[in-house]
Amino acid sequence: MLEVTLPDGSKRQYDAALSVAQIAESIGAGLAKAALAGRINGELVDLSTMVERDAEIAIITERDSDGLEVIRHSCAHLMAQAVQRLFPAAQVTIGPVIEDGFFYDFAFERPFTPEDLEAIEKAMGDIVKEGLEVHRSVMSRDEAVSMFKAMGEEYKVEIIESIPGDEDLSFYKQGDFIDLCRGPHVPNTNKFKAFKLTSVAGAYWRGDSSNAMLQRIYGTAWATPKDLKQYLQRIEEAEKRDHRKLGKQLNLFHFQEEAPGMVFWHPKGWGVYQAVQQYMRKVQNDNGYLEINTPQLVDYSLWERSGHAAKFSDEMFSVESESRMYAIKPMNCPCHIQVFNQGLKSYRDLPMRLAEFGSCHRYEPSGSMHGLMRVRAFVQDDGHIFCTEDQIQSEVAKFMDLLFAVYKDFGFDEVILRLSTRPEKRVGSDEIWDQSEQSLKDALNATGLPWELVPGEGAFYGPKIECSLKDCMGRILQCGTIQVDFNTPGRLGASYVAEDSSRKEPVMLHRAILGSFERFIGVLIEHYAGAMPTWLAPEQAIIMNITDKQADYVREVEAKLAAKGIRVSSDLRNEKVGFKIREHAMQKVPYLLVVGDKEVDSGSVAVRTRGGEDLGVMTVDDFCSHLSDDVALFGRTQSAS
RNA sequence: GCUCGCAUAGCUCAGGCGGUAGAGCACUUCAUUGGUAAUGAAGAGGUCCCAGGUUCAACUCCUGGUGUGAGCACCA
């Protein structure tokens, strides 16, 4: 006798051990048909897994998120089988589930073409129709190694040989295809209803650029064709929001060959940039930061002393002039220490918060550049807080509060926090690292928010908290950071006089809220699909006449609004009003003001938003106060959409 | 940096088994003065990314470079 407990709490008794599939069958034929996998006491298992004693059992179908994972994982196997049918020489390596889909890496003599992808997708469809049963089996390490050796699957041999100990390994076989895998998998290849191969690209074996490059095929798989369609629509929507595309359409900025990875800001893009920067300047002034400005070109020796040259010399631009070597600054911190070092500092001066909208250049690898998101010349909302060890936690806490408030103003409510700890290549003693990491952990815990630990991802001089925001597409984008640095101030000779009149080294906190203006504006463009909230919009209002008769009045209103600091322009072209409306609405100008004879007579403007909402006719003053109310909202509510 | 694509008018993109190119929008001119997402007509506009090579002939084929896209690697 054994008793199983189902997720709804109901219990069932069985005479003898039986498989999860049989349990599903005993509950109902429909469930048995829909079943993809099971869960025994919380652990995901195959349907064929035997239940031998009392347990909590759940039947996993495509409706569970775990079910979707199983489908995707199995779909990777399906694809590998199809690839090996078409290209027997292709060797299989690994094929995991990723967000929204899966990939599988193959070692093959030539790259796969888009035509290959089509053929592979078709072969996958054939295997689905064949309805091959999927069998799990267990082998010893040695057996498995000799089997894959015989098959010529060198990468699989390498994977198995890297698995420690003598543990048995599980295998999944469908038709003539067998793969090493932990599972679980769907019971039959006929379970797939919606999948698509999306792209092919190179990827290094084991993620190491010194290894061979494999061919990675990406695919997506869903429970139903409808879900697949929705996913493809989501991708399409993301493409429409691509900041590179919108940057061109809205005439915000451009790039060109002569300055790879460096932005040419156009008047409208620079308008957004200025709005963001002026906001940040005020926020920093209001929160105890002192704004400074430091040189862009600094003698190379400073970067040697700071430790940057040793790690990043290949990524630094340098300039030789009159037989001196300079580096174009890749970051601001060594310069900020120079400012701190001027004049004797007392513990009474701490914490000292220095901020700079510092223009930096880094030689980013060519393949890593991506529109505004990753550039070679950028400006950070950079700041360095010089403080005592005792002040770290409260300074980090203050910073976190400020960051949350700023993100809210920009319309981002969700912040994801991660702590990156000591990397292999680093400076400073282990004690110092212990201390730095602990102080950040304490600060994170003090926020009361969940956070994730990322071992080994810290900067070479100290651990860091990375603050990511979630945009309206659900994408997670790292922007802000705060990093504890017990190393660099000492290397560059910073000190202060403590209460007991001894000399001590200050701790330095590197911090940025937006990260780089370039990247952050890229994020904003995509988040708002180019329709910036009014406070950030480069053109907040445009006034247009219906016929030439109203031209003078339009100029008058324009001057009046401009005098109030509103970013306004007028469109007096000899075009129909519908044409002008369409054009400016597509340019995402928040407010479109139409003036005809009626408005001239009554001294008013007819107001509509870029989203098509008619706000009616109002006086110029009423419009001004409507707009300033909207501006005061920041991005907390989407305005004039 | 690595793998594989791509590069044609200001923009979005066609095109040709090698014989110096086309559309829509934008632009200019003319007509039109029209009340909330495209008024009509005409015109102008190109070193087909750059440098070599093959060829009677290269925008097209080959080689190299640059930029760019997807992914990988990197990210102080």
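All of these numbers come straight from a predicted model, not from anything done at the bench. Just so it is clear: chains get the letters A, B, ... in the order the sequence lines come, proteins before strands, and each one is counted from 1.
- Pairing for B/U55 is absent, with no Watson-Crick or G-U wobble pair whose two atom distances lie under 3.5 Å.
- One interatomic measurement links the two molecules: CZ of A/Arg110 to P of B/U3, which rounds to 17 Å at whole-angstrom precision.
- Exactly one residue among A/His336, A/Gln338, A/Glu356 makes a side-chain hydrogen bond (donor to acceptor under 3.5 Å, both in side chains) with A/Thr294. That residue is A/Glu356.
- The base of B/G65 does not come close enough to the side chain of A/Glu257 for any donor and acceptor atom to sit less than 3.5 Å apart.
- For A/Tyr204 and B/C74, the shortest distance from a side-chain N or O to OP1 or OP2 is not below 4.0 Å.
- Distance A/Arg376 CZ to B/G67 C1': 11 Å, rounded to the nearest Å.
- For B/A57 and B/A41, the C1' atoms lie 40 Å apart once the distance is rounded to whole Å.
- With B/A76, B/G34, B/C72 as the choices, the nucleotide that has an atom nearest any side-chain atom of A/Ala203 turns out to be B/C72.
- For A/Tyr218, the listed nucleotide lying nearest its side chain is B/C72; candidates were B/G34, B/A76, B/C72.
- Salt bridge annotation for A/Asp614-A/Arg608: absent, with no cationic side-chain nitrogen under 4.0 angstrom from a carboxylate oxygen.
- Evaluation of atom-type donor-acceptor distances gives a pair under 3.5 Å for the side chain of A/Asn574 against the base of B/G34.
- When distances run from any side-chain atom of A/Arg608 to the nucleotides B/A73, B/G34, B/U36, the shortest one goes to B/U36.
- OP1 or OP2 of B/G1 sits under 4.0 Å from a side-chain N or O of A/Ser366.
- For the pair A/Asp614 CG and B/A37 P, the interatomic distance rounds to 10 Å; values are reported in whole Å.
- Considering only side-chain N and O atoms, A/Lys425 lies nowhere under 4.0 angstrom from the phosphate OP1 or OP2 of B/A76.
- Distances from the side chain of A/Ala606 to the nucleotides B/C2, B/A76, B/U36 place B/U36 closest.
- Among B/A76, B/C72, B/A70, the nucleotide with an atom closest to any side-chain atom of A/Ala201 is B/A70.
- Here the nucleotide nearest the side chain of A/Arg374, chosen from B/C74, B/A37, B/A38, is B/C74.
- Stacking is found between A/Phe312 and the pyrimidine-like six-membered ring of the B/A76 base under the 5.5 Å centre-distance and 30° plane-angle cut-offs.
- Remark: C1' of B/C4 and CD of A/Glu109 are 16 Å apart, rounded to the nearest angstrom.
- Atom CG of A/Leu572 is separated from atom C1' of B/G34 by 16 Å (rounded to the nearest Å).
- Between A/His370 and B/U68 there is no side-chain N or O to OP1 or OP2 distance below 4.0 Å.
- Mapping A/Asp242 and A/Gly458 onto RNA chain B via the closest heavy atom, the residue that lands nearer the 5' end is A/Asp242.
- For A/Lys576 and B/A37, the shortest distance from a side-chain N or O to OP1 or OP2 is not below 4.0 Å.
- Nearest-nucleotide assignment on RNA chain B puts the 5′-proximal partner with A/Val200, out of A/Val200 and A/Tyr461.
- When the nucleotides B/C4, B/A70, B/C74 are ranked by their closest atom to the side chain of A/Ser199, B/A70 comes out on top.
- Taking atom CD on A/Gln249 and atom C1' on B/C13, their separation rounds to 14 Å, with Å as the unit.
- Distance CD (A/Glu258) to P (B/G67): 10 Å, rounded to an integer number of Å.
- Note on ring orientation: taking the six-membered ring where Trp is involved, the planes of A/Phe112 and A/Phe108 are parallel (angle under 30°, cut-offs 30° and 60°).
- Within the 4.0 Å cut-off from OP1 or OP2 of B/U12, at least one side-chain nitrogen or oxygen of A/Lys248 is found.
- No hydrogens or angles were tested; on distance alone, nothing pairs the side chain of A/Tyr363 with the base of B/G1 as donor and acceptor under 3.5 Å.
- Proximity note for A/Lys464 (side chain, C-beta onward) versus B/A76, B/U36, B/C74: the nearest is B/A76.
- If you check distances only, the side chain of A/Arg216 never reaches the base of B/C4 with a donor-acceptor pair under 3.5 Å.
- Nearest nucleotide to the side chain of A/Glu575, out of B/A76, B/C72, B/U39: B/U39.
- Nucleic acid contact for A/Ser209: sugar-phosphate only, since backbone atoms but no base atoms lie under 4.0 Å from a heavy atom of the residue.
- Between A/Asp105 and A/Arg206, none of the side-chain N atoms (NZ, or NE/NH1/NH2) sits under 4.0 Å from a carboxylate O, so this pair counts as no salt bridge.
- As rounded to whole Å, 15 Å separates atom C1' of B/A73 from atom CE of A/Met369.
- Taking the six-membered ring where the residue is Trp, A/Tyr155 and A/Trp205 present perpendicular rings, their angle passing 60° and hence far from 30°.
- Remark: the A/Arg362 side chain and the B/C75 base include no donor-acceptor N/O pair separated by less than 3.5 Å.
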